[in-house]
Visitor: 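Quick one: the structure is below, and I'll ask about it shortly.
Because only heavy atoms are used, hydrogens play no part in the values below, and waters and symmetry mates are left out as well, while side chains stay in.
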Amino acid sequence: MDKYCYSVKRLSKLYPNNPFIWEFETNPDLTRQIYKYDQIIREVMVCLDIFRREKIKSFTGISLDVRGHSARSCILLLSILNHGCHFYCIDFKTTNNISQKLKDSGAEYVISKHIQNMDEICTTYATFKVLNHTYFIGTLPTSQTSITSKRNICYTICTSGSTGEPKMIHVPYECIYPNIKSLCSLLKINEQDVIFLGSPPTFDPFVVEFFMALEMGSSLVVATNTAIRFTNSVQLLENITILQTTPSLFRLLGIQTIRDFVFQTTSSLRCLLLGGEKFPSPQEIQSWLPENFQHDSKRIFNIYGITEYSCWATIHEYQPTVSSKYIENRIPLGTPLDEATILHINNDEGGDKESLNGVCKGELLIGSSIRRCFIPQCDKDNDNDANEIIFRKTGDLVERDEGGQLFYIGRINNCIKRLGKRICLDSLASKIENLSKTQAICLWDEHHTKLIFCLHCDKEDKGNQSDTQNLFKTHLEDFEQPDQIEYVEHMPLNQHGKVDNKKLLSKILENPANYKKTPLSVFQNFLEQVMGFQQAPVTTTQINEEATNAKRIKRNLDVGFLQAGGTSFQALSLATEIGELMYRPEEQRQFLEMLLSSEVSLIDVMEFLENAKPNEQTTREYKIDLQSLTSLNADYKIKFLWRSDLKKCVDASPTIFENEYVAVGSHSHILKTLNTTTGSEITHLELSDRIECPVVFVSSNMALVGCYDGLLYGFNFNTSEILWQISVNGMIKAKPVIMDGRIILGSYGEDYNVYAFDLRSLNCLWKLKLGSKGIFSSPLWLSDTLVLFCSLDGSYASIDIANGSIKWKKKLDSPIFSTPALVKNPRIEVVLAEVRGRVIICSAENGKEITHFQADGNIFSSITLLQKDSLQSTFILFGCHDGNLYCLKYDAPQSQILLHWKFALNSAVYSTPALAFDKSIVVACSIKGQLVLVDTSQGQIKGSYDFKAEIFSSPCVSDSNCIYVGARDNFLYALQVLQ
């Protein structure tokens, strides 16, 4: 015990008279009390006597109910450690599922100030005092002591879940102590240092602050959250020499306090360590520094780590005097803090992490044979080889340059797709910060598919917004352009001092102004906030009234949307948001066409929106519609069978094989193969990125699936073994096809987006680039030798599978998300749909358009055909953004396509309809989770089911008329339809 930095025998011998804890009281004057080491040690000895009296076992866990730090909490932590136990800090007031977390922590006992907590969770408890405050210590009814009994556990901490599901991390002393030793040496900590114990007890950096003081006999400043809020921070910081915090918390001090106090030559601060978030840009740091800043007396560090490797892994000392050396304003993560830390990168091409050299990009892995935490959810073997190196995924995307330096790009799970382009929101935020010279957060509003820029802006500093907007239009790519810009004075933080993106998005979406939106007000706000138009008139009447300023208006508004600087991405986003506010479907469709046309000016668009009829449907009316719909369920009964949790959104469409297997992937990178009847898991596969591509079953033991990581995987769906992988250098979302021993697939690759591979040798037979954008829709088999591909730039082409030559090529005016279908009449014809709502029949021989139909909304759904041999007519089924399921009747001899029927669902239909009951029923899903069974002949409803979750996945139907569909509540659902 004496060898540990927290040993009271060691502390009483080395530092008895040193000041240990500077505690600031909760009052406006911030009264402080200083405790020496020997005073705290005496209190610890009293607690140890109580533990022995109450027969508290050693080598187990003791949970401490604590919200903020105090001298008392420090005494209790030292008491737990010196009793040979590990601690687990938990805040009962803010923690959900407390009993389960206590059980997972391995704790047998709990200490709390609140008796009601003890009554709820403990079998027995006793009272004791610490610095004249009453505490209760009780025995928990259940624990998992076997988890930690064979390990020298120092503390247990629960992750926040930012890298996936929350995990319980059991940290041995051997894992945390190298951090303490390295940092004490690097920072040259001594007995005169005063360290701020500012990280909350549920955030593992606090252990570093606590143990550094114990290791060197330094002092700790502790203050409750209330005390910190009372002060202007100067009094609290005036004696601190070592400050470790998140960039967001540090910013709360305010730039004036930072520049005029913290970094002044006369301040006590020696070392500032910023971690837990992306490190500030060089421009921001330079704005903090006074003109007379002396780097030799104030050191600034970028420190990086993950809870799974508790606590820090790398460090870099920022050099403000040579800030120009930071290329592209990027500051590296630095070098490992100790020799035991090993860094590897899983590159984007899926290469072996051991063999990477030079420039590469991918997920950072941190490993060690010494600093090994135990994580029950990840480590099945409780007794791993002592010399085995265990790597932990960080969930962070990094890049390594030619010099071997690592640079943080962003969170892997904070990447989105935006109409065919993949965007890392954190990386885009860094780009924005370099342009705007201010803190930026990028948010994705998935419901409205809107990209929102949040820029920090002080009350006094709102005069350069127009310049900022112009910078974005000039320097950002089309797919990076925002749909909305918000200027935020205070970024909301979570309990660990990091920006809370969910709260920030909720704050924006819940703005009262959003409840009074009209089509015109949304468009006007976009013109002003995003495109930089100043004082855009609200109505055409106001436009006419501004005749004296007609020249300015003409310069700004008498041009088309695209000519004024808008992009097709923004046009589609606006059409989605504004379309929901419009009553007439034909107006929704017309609005998108106006934005994409060079012949329609912004004045014309505003006049159109001013006269558009708003959608006044209320929530109450919507509920009545659902009730009336449910009452019509007499024909078919829909029974819930089972559901399977895939941890994140299931947007991929499931695939059935031999009526026994169903397979689907999700955003969590997980792919499951399940029994269609019971839902029992047959195999579980985890890839390196999101899965939206449907699975293709090739044989009785092999299937294919594409992934966001740019790889096509061949895997054994009976064993989970990955048989091979092929890189196409771009996301794969479209379902591949197997033709004549070839794998034919499309991707989002920049150089090539259409590939053919030999199924046996996996050699690339040919590749080409169709159009200028990626491929979302699946290829269509035209004949034994030809395949049709469609691109997001509107291009579509017939391609020879033997050599990749293009037989013919055409182009539409808007993107093609929809997978086309083949009509086999006397002629071979293709049905395809473009986003702006046009359904086209064209010749498979030459691509020439034969006829078309205009729907009342945008089309993202693929085409489903109902074609009976006895009839010359073909029925075309698809979902539409206007909330309808369409059935068109195509008369091939007359080359005529007409509306047969359409059925209204409760929201837009993105997924593809499926046929059931010998093609007499069509199954369709809305994005708000409504599933309907509709009679194919008349369009009459035969049954419905409410998932209470968003649906973007397309349903598939088994031979036994069971329906399988994925949802954005993370589940794959199985339903049985009974007559």
Side-chain angles (χ1 to χ4, degrees), residues 694 696 734-746 754-756 765-766 768 770-771 775-791 794-813 816-834 837-855 859 861-878 886-900 912-915 919 922 936 954:
V696 178
K735 184 177 182 178
V737 296
I738 307 297
M739 297 179 66
D740 192 25
R742 297 171 172 85
I743 305 169
I744 312 292
L745 76 153
V754 179
Y755 286 82
L765 303 176
W766 51 263
L768 60 87
L770 174 64
I775 290 176
F776 182 89
S777 66
S778 299
L780 175 67
W781 200 336
L782 294 179
S783 68
D784 291 341
T785 60
L786 296 174
V787 64
L788 181 75
F789 272 92
C790 303
S791 167
S795 300
Y796 60 104
S798 173
I799 300 171
D800 192 321
I801 67 168
N803 54 25
S805 61
I806 294 178
K807 183 178 180 183
W808 55 259
K809 177 182 174 184
K810 303 291 182 180
K811 191 172 187 299
L812 300 176
D813 293 334
I816 303 173
F817 283 84
S818 172
T819 296
L822 197 64
V823 178
K824 293 183 180 180
N825 286 309
R827 305 186 301 266
I828 306 298
E829 295 166 341
V830 175
V831 186
L832 53 85
E834 59 178 319
R838 263 193 359 132
V839 178
I840 299 137
I841 307 289
C842 68
S843 167
E845 177 65 27
N846 54 30
K848 182 179 178 181
E849 182 176 323
I850 297 170
T851 186
H852 77 273
F853 174 86
Q854 180 65 60
I859 300 175
S861 161
S862 295
I863 301 295
T864 297
L865 294 184
L866 174 58
Q867 193 170 14
K868 296 183 179 179
D869 296 335
S870 59
L871 299 176
Q872 291 189 337
S873 296
T874 298
F875 295 95
I876 302 167
L877 297 154
F878 60 90
Y886 281 76
C887 179
L888 309 180
K889 184 177 181 181
Y890 174 52
D891 186 341
Q894 299 297 321
S895 298
Q896 189 177 40
I897 184 170
L898 298 170
L899 177 66
H900 185 50
T912 304
L915 296 171
K919 301 183 180 180
V922 59
T936 54
S954 296

Visitor: Decide yes or no on side-chain contact (heavy atoms from CB on, under 4.5 Å) for T851 and Y890, but give the supporting numbers first.
Guide: CA-CA 10 Å; T851 186; Y890 174 52; 4.0 Å; yes
Visitor: How many angstroms lie between CG in L788 and SG in C842, if you round to the nearest 0.5 Å?
Guide: 7.0 Å
Visitor: As a quick check of understanding, evaluate side-chain contact (heavy atoms from CB on, under 4.5 Å) for I876 and I841, giving each step before the final call.
Guide: CA-CA 11 Å; I876 302 167; I841 307 289; 4.0 Å; yes
Visitor: Between CG of L782 and CG of L822, what distance do you get to the nearest 0.5 Å?
Guide: 6.0 Å
Visitor: For the residue pair F878 and Y886, categorise the inter-ring angle as parallel (less than 30°), tilted (30 to 60°) or perpendicular (more than 60°).
Guide: parallel
Visitor: Is a side-chain N or O of T936 found less than 3.5 angstrom from the main chain of K919, in a donor-acceptor match?
Guide: yes
Visitor: Take L745 and F789 through the test side-chain contact (heavy atoms from CB on, under 4.5 Å) and record every step on the way to the result.
Guide: CA-CA 9 Å; L745 76 153; F789 272 92; 5.7 Å; no
Visitor: Can you see which heavy atom on S778 is nearest to which on P820, and at what distance?
Guide: O-CD, 4.1 Å
Visitor: If I compare all heavy atoms of I801 with all of R742, which pair ends up nearest, and what's the gap?
Guide: O-NE, 3.2 Å
Visitor: Compare every heavy atom of T912 with every heavy atom of S861, then report the nearest pair and how far apart it is.
Guide: OG-CA, 3.6 Å
Visitor: Between atom CG of L899 and atom CG of L888, what is the distance when rounded to the nearest 0.5 Å?
Guide: 6.0 Å
Visitor: How close do A833 and I816 get, counting heavy atoms only, and between which atoms?
Guide: O-CG2, 3.6 Å
Visitor: Can you tell me how far CD1 of I840 sits from CD1 of I863, rounded to the nearest 0.5 angstrom?
Guide: 9.5 Å
Visitor: Identify the two heavy atoms, one from K811 and one from Y796, that lie closest to each other, and give their separation to 0.1 Å.
Guide: N-CE2, 4.1 Å
Visitor: Quick one: list whatever passes side chain to side chain contact (heavy atoms under 4.5 Å, CB included) with T785, sequence neighbours left out.
Guide: S783
Visitor: When you compare the side chain of I897 with that of V831, does any pair of heavy atoms fall below 4.5 Å?
Guide: no
Visitor: About how many Å separate CG of L812 and CG of L832, when rounded to the nearest 0.5 Å?
Guide: 6.0 Å
Visitor: What pairs with R838 under salt bridge (charged side-chain N to carboxylate O under 4.0 Å, His left out), at least two apart in sequence or on another chain?
Guide: E834, E849
Visitor: Return yes if some donor-acceptor pair links the side-chain N/O of T864 with the main-chain N/O of P913 below 3.5 Å, else return no.
Guide: yes
Visitor: Hey, what do you get for CG (N803) to CH2 (W766), rounding to the nearest 0.5 Å?
Guide: 8.5 Å
Visitor: State, with a plain yes or no, whether a side-chain heavy atom of I799 is found less than 4.5 Å away from one of L786.
Guide: no
Visitor: Please, which pairs that meet salt bridge (Lys or Arg N to Asp or Glu O under 4.0 Å) have at least one residue in residues 816-827, sequence neighbours excluded?
Guide: R827-E829
Visitor: Check whether any side-chain N or O of S805 sits under 3.5 Å from a backbone N or O of D800 as a donor-acceptor pair, and report yes or no.
Guide: no
Visitor: Measure across C790 and L770 and return the closest heavy-atom pair with its distance rounded to 0.1 Å.
Guide: N-CD2, 4.3 Å
Visitor: Got a sec: does the NZ of K889 have more than 12 other heavy atoms crowding it under 6.0 Å?
Guide: no
Visitor: Let's go through L915 and L877 carefully: what are the C-alpha distance in whole Å and the side-chain angles of both, what is the deciding distance for side-chain contact (heavy atoms from CB on, under 4.5 Å) to 0.1 Å, and is it a yes or a no?
Guide: CA-CA 10 Å; L915 296 171; L877 297 154; 3.8 Å; yes
